[in-house]
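Written out below as structure tokens is the structure these notes cover.
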Amino acid sequence: MVFGMSVPMTLLGLLEREPSHGYDLKRDYDTFFSRGKPLPFGQVYATLSRLVRDGKIVVGEVEPGVGPERKRYVITERGATEVESWLTEPVEAEPNLQTVLFTKVVLALMLGRPAEEYLDIQRATHLRRMKELTEIKRAGNLVDTMLADHGLFHLEADLHWIDTTAARLDALAKEVRG
Amino acid sequence: MTAVEARDVKLSFGETPALRGASVAVEPGEIVAVMGPSGSGKSTLLHCLAGILVPDAGEIHFDGHRIDTLSEHRRSVLRRDRFGFVFQSGQLVPELTAEENVALPLLLNGVKRAAALKEARPWFERLDLAGLERRRSGELSGGQAQRVALARGLVARPGALFADEPTGALDSLTGEQVMDLLVSSAREQGTTVVLVTHDARVAAYADRQVIVRDGKVNALVSA
Ligand SMILES: Nc1ncnc2c1ncn2[C@@H]1O[C@H](COP(=O)(O)OP(=O)(O)OP(=O)(O)O)[C@@H](O)[C@H]1O
Ligand SMILES: [Mg+2]
């Protein structure tokens, strides 16, 4: 659910909460953000060294012993500022599906292909996914519910678009065929 | 054997064709959501399946028996004994308390008052309504009233529950609570459910969705 770009920010955010070890960061990440796709240790440490290199975190006192898990990471002023601005910046409201589906629908109409069928297939796919997410919601905890709801509301918006477009196909066909 | 089935059902209101050969088959214990545009014939189909309307052509079956050929009297007995209903809103009897409303189907079936109320009461705990037993419908919120209506629809352990936009008057969180309870209660007692809704989030609680368009039922097509 949390995409590649967000891993450094999420780890940085966890460190903003309190200084922590790589192992604990991974555990917290997996608990709250990974949604069944654990973050590999390699990626945790690679990300942490990049954050150190960029001056967003520093290595605090190293506890006696060997191995990377002895290192305690502390966020810097710069890192904290970055977390702050990332949090306040809105996520791009990307109407992704519509763009792809829109292209498909218009092309289908131009080519005299069965646009309505494509929309029906998309509707079925959406409803099936909504059912899966609803099952997750009914079985899961509040964190699962919130994530599932996020997906459900987006899929619902797409469905509204699909239904409205299906209802307008004839008019749309006239327009794109000229 | 299917629990509830329409076979090529046609029905017109005067000149207006509402159903033009609608077919749908629901398995025992299955929860099916009927979706589709406004005016496509969803409510009409539900009323045919529930033996409220009689089609002009086609057949309606319940539990292996054809019901559209039964007399009006026998259909009304069937509805009372075997079916439960939940509609959008405003369906509680305002003069009765919430627990009397829940007990109503049992009272109509000839169960004695004390026994009927005894049967009705556990539903208040189950549907998170404890303490509201003595309220009248005017003293309940929309979501509470709808849960009372749900309890009333299920209290007689009907073979089939017919619901038309049961969450239509509720906000989405309250609507989902009602659906969650509807699904778990129906599963618990093995009740077959046919649910009309235009809300995809509500339909997602069902085992299966069908779409009514221009008086016909489309199964969902897959890629
Ligand atoms: N009692 C009636 N008398 C005349 N026409 C009716 C009656 N009930 C329904 N119709 C017509 O039959 C068609 C199907 O109506 P129906 O109520 O089944 O639609 P619906 O899919 O439930 O719509 P909605 O989503 O708006 O509730 C519509 O054209 C409607 O105007
Ligand atoms: Mg209707």
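Because only heavy atoms are used, hydrogens play no part in the values below, and waters and symmetry mates are left out as well, while side chains stay in. Chain A is the first sequence line, chain B the second, and so forth, proteins listed ahead of strands; every chain is numbered from 1.
- Between Asp28(A) and Thr31(A), the side chains place no donor N or O within less than 3.5 Å of an acceptor N or O (distance only, hydrogens not considered).
- Heavy atoms closer than 4.5 Å to chain B are found nowhere in Tyr118(A), neither backbone nor side chain.
- Side chains of Glu156(A) and His154(A): no donor on one and acceptor on the other come within 3.5 Å.
- In this structure, no portion of Met179(B) lies under 4.5 Å from any heavy atom of chain A.
- In this structure, chain A has a heavy atom under 4.5 Å from the backbone of Ala206(B), while its side chain stays farther away.
- Between Arg138(A) and Glu135(A) no salt bridge is recorded (no basic side-chain N to carboxylate O distance below 4.0 Å).
- Between Phe62(B) and Phe83(B), the distance separating the two ring centers is shorter than 6.0 angstrom.
- Residue Ser172(B) touches chain A through its side chain alone, counting heavy-atom pairs closer than 4.5 Å.
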